[in-house]
Amino acid sequence: MEYTQLGRTGLKVSRLVLGTMNFGPQTDEADSHAIMDAALDAGINFFDTANVYGWGENKGRTESIIGNWFAKGGGRREKTVIATKVYGNMDADGATVWPNHDKLSALNIRRAVDASLKRLRTDHIDLYQFHHIDRSTPFDEIWQAIDVLVQQGKILYVGSSNFPGYKIAQANETAARRGGTIGLVSEQCLYNLAERRAEMEVIPAAQDYGLGVIPWSPLHGGLLGGVIKNEVRGGRRSSGRTADTLKDPAARAQVQAYEDLLDKHGLQPGEVALAWLLTRPGVTGPIVGPRTAEQLQSALRAVELELGEDLLAGLDEIFPGPGPSPEAFAW
């Protein structure tokens, strides 16, 4: 496994991030523990979760699964950089949202941290991430709450998720003005070959402010994982957003061209999609969310792939990015 610094910090993290969103809803606790053990054995030390994972009636379940794994000992907690998130309402889906039980008020941040620590069965969170922007809470209040938690030793670093570029700038300019606050050190955003809008402003802002970029959905919901090839072979059929996308003839032709290109090079689509992200400026590492140990092994092979210039050029031709900012939207 390769390691890198998380943004401008001294924290060393693996180039692949283990996503845990499937733990609970799709992968039971025993298999989730086996996947985490396999990830740690392979050198992945960066695990990502969120307080709402588990979803529906089981929000918080994923953090509890991780906490039970930590409790097994064997250096599991000490070897793991654990990242979780705050923002969403923790009541069951459809329930009335009680005031101050969601978003980024100082009150909710304090409550949410303590609840996550309890579920994770740990005394601190390495990277605490804002899951979304809060249009109602000023960053002065947010940073005041974070400063207290850092002083208490409950969190070490803070990151954002799904932030636009201007909010990254606002957050870190406010932190700089307050002094003594390190500010955001990472941004977790939607970024992959098929969805490159983050290159317009989010990634440039992250680079300018020294944030590590952590792409989520690196396979774009399975679209970049060999979905057409799987259909032809009679494998698992696509569903949801992927199926809807493939109904568009132009989009289907684009994905077919992608798979054909990789067939010529003898490469697997999902592994190339991950390896491509590892070549992108500013990227710390993509989040991989395996449901099985086999899917984890496929993701691990991506770290060893070296993509030639001709292949990278071919990928750019099929999935062109927006171009540099501000030229991409200015003219």
K.L.:
Between the main-chain N or O of Val213 and the side-chain N or O of Tyr191, is there a donor-acceptor pair closer than 3.5 Å?
P.N.:
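Not a single qualifying donor-acceptor pair exists.
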K.L.:
Which residues end up grouped with Leu107 if you chain together Ile, Leu, Val, Met, Phe, Trp and Tyr wherever their side-chain heavy atoms are less than 4.5 Å apart?
P.N.:
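Its cluster mates, by chain and number: none.
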K.L.:
Working note: Ile146 + Phe130, criterion side-chain contact (heavy atoms from CB on, under 4.5 Å); need CA distance, chi angles, decisive distance, verdict.
P.N.:
CA-CA 11 Å; Ile146 293 300; Phe130 307 134; 4.0 Å; yes
K.L.:
Taking NZ, NE, NH1 and NH2 as the nitrogens, is one of them in Glu195 or Arg197 under 4.0 Å from a carboxylate oxygen of the other?
P.N.:
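Judged by the 4.0 Å cut-off on N to carboxylate O distance, Glu195 and Arg197 do form a salt bridge.
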K.L.:
Starting at NZ of Lys103, measure out to CD1 of Ile109 and round the result to the nearest 0.5 Å.
P.N.:
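Separation between the atoms: 13.0 Å.
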K.L.:
If you measure only the distance, is there a donor-acceptor pair under 3.5 Å linking the side chains of Glu141 and Ser105?
P.N.:
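On atom types as modelled, these side chains do not qualify, holding no pair under 3.5 Å.
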K.L.:
List for me each residue that meets ring pair (Phe, Tyr, Trp, His ring centres under 6.0 Å) alongside Trp143, sequence neighbours excluded, and say none if there are none.
P.N.:
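Here no residue qualifies.
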K.L.:
Mind listing the closest non-hydrogen atom pair of Val227 and Glu259 along with its distance?
P.N.:
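Answer, listing the atom of Val227 first, then Glu259: N-OE2, 3.1 Å.
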K.L.:
Between Asp114 and Lys154, does the salt bridge (charged side-chain N to carboxylate O under 4.0 Å, His left out) criterion hold? Intermediate values first, please.
P.N.:
CA-CA 8 Å; Asp114 286 342; Lys154 292 182 178 180; 2.8 Å; yes
K.L.:
First locate atom CG of Leu274, then atom CG of Leu219, and finally report the distance between them rounded to the nearest 0.5 Å.
P.N.:
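Result: 5.5 Å between the selected atoms.
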K.L.:
With a 4.0 Å cut-off, would you call Arg291 and Asp31 a salt bridge?
P.N.:
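Not counted as a salt bridge, because no side-chain N and carboxylate O are separated by less than 4.0 Å.
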K.L.:
Please answer: with hydrophobic residues joined when any side-chain heavy atoms are less than 4.5 Å apart, are Ile125 and Val17 in the same cluster?
P.N.:
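Different clusters.
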K.L.:
Side chains of Asp260 and Gln256: donor-acceptor distance under 3.5 Å anywhere?
P.N.:
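Indeed, the side chains of Asp260 and Gln256 share at least one donor-acceptor pair under 3.5 Å.
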K.L.:
Assess, by modelled atom type and distance only, whether the side chains of His220 and Asn192 contain a donor and an acceptor separated by less than 3.5 Å.
P.N.:
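Per modelled atom types, His220 and Asn192 side chains form a pair under 3.5 Å.
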K.L.:
Using only atom types and a distance under 3.5 Å, with no angle test, would you say the side chain of Thr80 pairs donor to acceptor with the backbone of Ile82?
P.N.:
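A pair under 3.5 Å: no.
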K.L.:
From the options Glu187, Glu173, Arg8, select the one residue that forms a side-chain hydrogen bond (donor to acceptor under 3.5 Å, both in side chains) with Tyr209.
P.N.:
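When Glu187, Glu173, Arg8 are each tested with Tyr209, the side-chain hydrogen bond (donor to acceptor under 3.5 Å, both in side chains) holds only for Glu173.
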K.L.:
Could you pull out the closest heavy-atom pair between Ala38 and Leu296, with the gap in Å?
P.N.:
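Reported closest heavy-atom pair: CB-CD2, 3.7 Å.
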K.L.:
Quick one: which residue pairs count as a side-chain hydrogen bond (donor to acceptor under 3.5 Å, both in side chains) with a foot in residues 86-97, not counting sequence neighbours?
P.N.:
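The answer is Lys59-Asp93.
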K.L.:
What I want to find out is whether Arg196 reaches Asp316 closely enough, with some N-O distance under 4.0 Å, to be called a salt bridge.
P.N.:
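Result for this pair is yes, salt bridge flagged.
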K.L.:
Using a 3.5 Å distance criterion without hydrogens, assess whether the side chain of Thr181 forms a donor-acceptor pair with backbone atoms of Ala175.
P.N.:
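No.
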K.L.:
As an exercise, state the distance from CD of Gln295 to OG1 of Thr27, rounded to the nearest 0.5 Å.
P.N.:
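If I round to the nearest 0.5 Å, the distance is 8.0 Å.
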K.L.:
Does Arg241 pair with Asp244 as a salt bridge, N-O distance under 4.0 Å?
P.N.:
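Salt bridge between Arg241 and Asp244, a charged N being under 4.0 Å from a carboxylate O: no.
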K.L.:
Show your working on ring-ring contact (aromatic ring centres under 6.0 Å, His included) between Tyr258 and Phe319 and close with a plain yes or no.
P.N.:
CA-CA 9 Å; Tyr258 167 69; Phe319 297 109; 5.5 Å; yes
K.L.:
Taking all heavy atoms of Asn22 and all of Gly289, pick out the closest pair and write down the distance.
P.N.:
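What the structure gives for the nearest pair is ND2-O, 2.8 Å.
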K.L.:
Return the minimal non-hydrogen interatomic distance between Ala194 and Leu224, and the atom names on each side.
P.N.:
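For Ala194 and Leu224, the tightest heavy-atom pair comes out as N-CD1, 4.0 Å.
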K.L.:
Measure the CD-CG distance between Glu201 and Asp208 for me, rounded to the nearest 0.5 Å.
P.N.:
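Those atoms lie 11.0 Å apart.
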K.L.:
Does this structure show an ion pair linking Lys118 with Glu63, if we count only N-O contacts that are shorter than 4.0 Å?
P.N.:
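Looking at Glu63 together with Lys118, the answer is no, because their closest N to O distance does not fall below 4.0 Å.
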K.L.:
Under a 4.5 Å side-chain heavy-atom rule over Ile, Leu, Val, Met, Phe, Trp and Tyr, are Leu117 and Val150 clustered together?
P.N.:
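Yes, one cluster joins them.
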K.L.:
Salt-bridge test for Arg252 and Glu231: reply yes if a basic N is under 4.0 Å from a carboxylate O, no otherwise.
P.N.:
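The answer is yes: the pair qualifies as a salt bridge.
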K.L.:
Is it true that Arg178 and Asp147 make a salt bridge, defined as a side-chain N closer than 4.0 Å to a carboxylate O?
P.N.:
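Asp147 and Arg178: salt-bridged.
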K.L.:
Measure the spacing between CG of Asn172 and CZ of Arg177 and express it to the nearest 0.5 Å.
P.N.:
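Spacing of CG (Asn172) from CZ (Arg177) equals 11.5 Å.
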K.L.:
What distance separates Leu278 CG from Arg15 CZ, expressed to the nearest 0.5 Å?
P.N.:
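It is 4.5 Å, given to the nearest 0.5 Å.
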K.L.:
Given Asp140 and Thr174, is the side-chain contact (heavy atoms from CB on, under 4.5 Å) satisfied, shown in steps?
P.N.:
CA-CA 7 Å; Asp140 275 315; Thr174 303; 3.5 Å; yes
K.L.:
Distance-only criterion, 3.5 Å: show the donor-acceptor pairs between side-chain atoms of residues 297-314 and protein atoms not counting sequence neighbours.
P.N.:
from, atom 1, to, atom 2, distance (Å)
Ser298, OG, Glu271, OE2, 3.3
Arg301, NE, Glu271, OE2, 2.9
Arg301, NH2, Glu271, OE2, 3.1

K.L.:
Closer than 3.5 angstrom, by distance alone: can the side chain of Ser64 be matched with the main-chain N or O of Gly60 as a donor-acceptor pair?
P.N.:
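Yes, because the side chain of Ser64 sits within donor-acceptor range (under 3.5 Å) of the backbone of Gly60.
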K.L.:
Should Thr62 and Val52 be marked as a side-chain contact (heavy atoms from CB on, under 4.5 Å) after you check the CA-CA gap, both sets of side-chain angles, and the distance that decides it?
P.N.:
CA-CA 8 Å; Thr62 303; Val52 294; over 6 Å; no
K.L.:
Quick one: which residue pairs count as a side-chain hydrogen bond (donor to acceptor under 3.5 Å, both in side chains) with a foot in residues 34-56, not counting sequence neighbours?
P.N.:
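Every pair satisfying side-chain hydrogen bond (donor to acceptor under 3.5 Å, both in side chains) with a residue in residues 34-56: Ser14-Asn45, Thr20-Thr49, Asp37-Trp69, Asp37-Arg76, Asp48-Lys85, Asp48-Gln129, Asp48-Gln188, Tyr53-Lys85.
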K.L.:
Would you name the heavy atoms of Glu199 and Pro322 that are closest together and state the gap between them?
P.N.:
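Smallest interatomic distance, heavy atoms only, reads OE1-CD, 3.4 Å.
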K.L.:
Is the positively charged end of Arg77 above the ring of Phe70, judged by distance under 6.0 angstrom from the centroid and angle within 45° of the axis?
P.N.:
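That pair qualifies as a cation-pi contact.
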K.L.:
Compare every heavy atom of Pro269 with every heavy atom of Gly225, then report the nearest pair and how far apart it is.
P.N.:
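Taking every non-hydrogen atom into account, C-CB, 3.9 Å.
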K.L.:
Do Met200 and Ile214 share a hydrophobic cluster, counting only Ile, Leu, Val, Met, Phe, Trp and Tyr and linking them when any side-chain heavy atoms are less than 4.5 Å apart?
P.N.:
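As far as the 4.5 Å side-chain criterion goes, Ile214 and Met200 are not connected within one cluster.
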K.L.:
Under the rule for side-chain contact (heavy atoms from CB on, under 4.5 Å), what residues qualify as partners of Lys167, not counting sequence neighbours?
P.N.:
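Listed in chain order: Ile133, Phe139, Phe163, Pro164, Gln170.
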